[in-house]
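Not measured: the values here are computed from a predicted model. We count ligands from 1, going down the list as the structure has it; atoms in each ligand are counted the same way.
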Amino acid sequence: MTPAQQSDRALELCRLAPVIPVIVVDDLAHARPLAEALVAGGLPVLEVTLRTECALQAIAAMAEVPGAVVGAGTVLTPAHMKAAKDAGATFAVSPGATPALIDAARVEAVPLLPGAQTCSEVMALLEQGYHVQKFFPAESIGGAGALKSIGGPLPQVTFCPTGGITPELAPGYLALANVACVGGSWVAPKALMQAGDWAQITDIARAAAGLSR
Ligand SMILES: O=C(O)C(=O)C[C@H](O)[C@H](O)COP(=O)(O)O
């Protein structure tokens, strides 16, 4: 799968909803009800970060939820890429990109949404064929203003900004021509997961799914 084909698929996923939940699962028992709650609220594309012990099992559990499109986040190495694919992840997100990771995405045929911060990083990824990229950590590196400026010379790159984005900040990103969707953890708050308040998570997801772009 070429980088351009990976980005084509990433763009399809980004268009399914305005927000991709960035999920940290500490307790495997939360995986299925969380995925059900988010899908019910209108957010089908789920990024499960490989930051916890049970992340791979959580991906497998969520992948069984009807309507869920489950991918892995915090994919840093070829080993992560392979493990994520084996668990059932259908896409991978990374805060950055390395030659080894890009090679692994091609070998494993997993669409990668690679991260970039600077114009040079954006250009290097574009040179390889990645026309859809994650802009991370969005709020710390200039926010929507920076992304709008990058769109001047590089309008052919579409972004999923992530990092520090809140429901209040999301519309400013979604209004930009070079933003397809945003990523954020606010739709899967730890406290509500621990409380098992899936109904409230569905409400938060519904509000996020209703953001216009
Ligand atoms: O894990 C990764 O691959 C990352 O790049 C980091 C995440 O995108 C951010 O942690 C998003 O979290 P918030 O800033 O709370 O919305």
Under 4.0 Å from any heavy atom of [X], which atoms of ligand 1 are there?
{"X": "G184", "result": "16 (O)"}
{"X": "G164", "result": "13 (P), 14 (O)"}
{"X": "T74", "result": "1 (O), 2 (C), 3 (O)"}

Backbone, side chain, both or neither: what part of E139 comes under 4.0 angstrom of ligand 1, heavy atoms only?
->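 Under 4.0 Å from ligand 1, E139 contributes no heavy atoms.
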Roughly how far apart are E47 CD and M62 CE, rounded to 0.5 Å?
->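 Rounded to the nearest 0.5 Å, the CD-CE separation comes out at 11.5 Å.
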Do [X] and ligand 1 have an N or O pair less than 3.5 Å apart?
{"X": "T49", "result": "no"}
{"X": "K134", "result": "yes"}
{"X": "T162", "result": "no"}

protein heavy-atom neighbour closest to atom 13 (P) of ligand 1 works out as S185 OG, 3.3 Å
How far is atom 6 (C) of ligand 1 from its nearest protein heavy atom, and which residue and atom name does that atom have?
-> R51 NH2, 3.1 Å
Closest non-hydrogen atom pair between F135 and G143, with its separation | CE2-O, 4.0 Å
Passing option when Y173 is tested against R213, K148, E139 for side chain to side chain donor-acceptor pair (under 3.5 Å) | E139
Would one find more than 12 heavy atoms of other residues, nucleotides or ligands at under 6.0 Å from atom CD of Q156?
-> yes
Between R9 and E12, is the closest basic N to carboxylate O distance under 4.0 Å?
->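 A salt bridge is present here (some side-chain N lies under 4.0 Å from a carboxylate O).
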Which residues satisfy the side-chain contact (heavy atoms from CB on, under 4.5 Å) test with A205, sequence neighbours excluded?
->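 Scan of A205 (side-chain contact (heavy atoms from CB on, under 4.5 Å), adjacent residues dropped) gives L38, L43.
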Counting N and O atoms only, with roles assigned by atom type, does the side chain of T98 sit under 3.5 Å from a partner on the main chain of L101, one being a donor and the other an acceptor?
-> yes
